Amino acid sequence: MTELNDIQQQALKCAIQEGLPVDPRPYQVLADIIGSSEQEVISCIEKWINSGLIKRFGLVIKHHKLGYNANAMVVWNVSDELVDDIGERIKQSGLVTLCYRRPRRLPNWNYNLFCMIHGKDRSQVLEQLEQLREVCQLNEIEHDVLFSYKQFKQCGGRFHKQHPSSPSTPSTYQWNIEKKAVNHG
């Protein structure tokens, strides 16, 4: 098996920072775009993962498009001795989408544990919060609920600038995706 040349690697970097194609065989779609084989794309990505160039693939969920318009960050002031245990309980509850610890910013910010709850409306989020407090025995812990009021653009990191002569400029990339959809779909 051959390896991708420099131009193909640059094109692949550009393509994957836009997100993986929504296709049963996303690596084959990428291979079609950059003029390689599916296995060469997979091997190159594996190499980048092993070298640390790619740390992880994530998923960006567009909550509003799914009807989840109420989103709240719940912040907790947990004693440092209990924060790991409580964070683990919150994570295990299945009622939050993420939970993480951050340092306090005293004297104005006492909170050191954060979790996100999504719902279709505020009452649903508040009901889930009450359930979380009950299930995880958090009733005695100081907290606050911060509802979002504006959605900003959600996307993955952009680390690679496209070269004007790259075979995968956004229009070319989009065109190739559309072309594949026409050909296969």
Side-chain angles (χ1 to χ4, degrees), residues 1-75 84 87-88 90-103 113-120 146-185:
M1 177 178 53
T2 61
E3 290 191 3
L4 300 179
N5 64 38
D6 289 343
I7 292 173
Q8 289 173 315
Q9 287 187 36
Q10 296 302 322
L12 182 59
K13 288 176 187 173
C14 289
I16 62 175
Q17 73 181 4
E18 299 297 324
L20 292 178
V22 180
D23 189 275
R25 296 183 65 190
Y27 303 109
Q28 181 62 56
V29 173
L30 294 170
D32 291 346
I33 291 169
I34 66 169
S36 70
S37 74
E38 181 181 36
Q39 189 54 51
E40 288 170 334
V41 166
I42 291 169
S43 294
C44 186
I45 291 173
E46 284 175 344
K47 187 172 84 178
W48 289 342
I49 290 170
N50 291 335
S51 72
L53 181 65
I54 295 176
K55 301 251 187 277
R56 66 180 180 92
F57 280 100
L59 179 68
V60 176
I61 297 172
K62 300 188 185 303
H63 301 97
H64 288 261
K65 288 185 177 181
L66 295 172
Y68 289 84
N69 298 311
N71 307 297
M73 175 70 72
V74 183
V75 294
D84 289 338
E88 188 65 32
I90 290 174
K91 182 182 91 174
Q92 295 294 328
S93 74
L95 296 167
V96 302
T97 54
L98 59 95
C99 180
Y100 56 93
R101 181 181 185 179
R102 290 281 166 103
L113 190 63
F114 303 73
C115 66
M116 195 78 195
I117 300 176
H118 299 280
K120 295 192 175 188
L146 310 170
F147 278 99
S148 62
Y149 63 91
K150 183 174 182 178
Q151 180 185 15
F152 294 95
K153 181 178 179 182
Q154 292 179 300
C155 64
R158 299 288 188 265
F159 305 104
H160 184 74
K161 281 184 141 183
Q162 291 181 321
H163 189 276
S165 65
S166 168
S168 142
T169 61
S171 61
T172 303
Y173 175 74
Q174 186 64 35
W175 181 83
N176 283 332
I177 294 287
E178 291 169 2
K179 182 178 173 186
K180 178 169 177 54
V182 169
N183 290 340
H184 300 285

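Remember, predicted model here, so these are calculated numbers, not experimental data.
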Ignoring hydrogens, what is the shortest heavy-atom contact between [X] and [Y]? Give both atom names and the distance.
{"X": "L4", "Y": "S36", "result": "CD2-CB, 3.4 Å"}
{"X": "D23", "Y": "V29", "result": "CG-CG2, 3.5 Å"}
{"X": "G87", "Y": "C99", "result": "O-SG, 3.9 Å"}
{"X": "Q9", "Y": "C44", "result": "CG-SG, 4.1 Å"}
{"X": "Q8", "Y": "N5", "result": "N-OD1, 2.7 Å"}

Between [X] and [Y], is any pair of side-chain heavy atoms under 4.5 Å apart?
{"X": "I54", "Y": "I16", "answer": "yes"}
{"X": "L113", "Y": "I90", "answer": "yes"}
{"X": "E40", "Y": "I34", "answer": "no"}
{"X": "L12", "Y": "L30", "answer": "yes"}

TODO: Sequence neighbours left out, what pairs pass side chain to side chain donor-acceptor pair (under 3.5 Å) with at least one residue falling in residues 43-57?
DONE: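 Counting only pairs at least two positions apart or across chains, the side chain to side chain donor-acceptor pair (under 3.5 Å) contacts touching residues 43-57 are Q39-S43.
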Reported [atom1]-to-[atom2] distance for the pair [X] and [Y], which is rounded to 0.5 angstrom:
{"X": "I117", "Y": "M73", "atom1": "CD1", "atom2": "CE", "result": "10.5 Å"}
{"X": "H64", "Y": "H118", "atom1": "NE2", "atom2": "NE2", "result": "9.0 Å"}
{"X": "T97", "Y": "K91", "atom1": "OG1", "atom2": "NZ", "result": "13.5 Å"}
{"X": "C115", "Y": "R101", "atom1": "SG", "atom2": "CZ", "result": "15.0 Å"}

Task: All ring pair (Phe, Tyr, Trp, His ring centres under 6.0 Å) counterparts of Y100, not counting sequence neighbours - done: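 Testing Y100 for ring pair (Phe, Tyr, Trp, His ring centres under 6.0 Å), a comparison that skips the adjacent residues, returns F114.
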Open item on the list: Does atom CZ (R102) have a neighbourhood of more than 12 heavy atoms from anything else shown, all under 6.0 Å?
Closed with: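 No, CZ of R102 has 12 or fewer neighbouring heavy atoms, counting only those of other groups under 6.0 Å.
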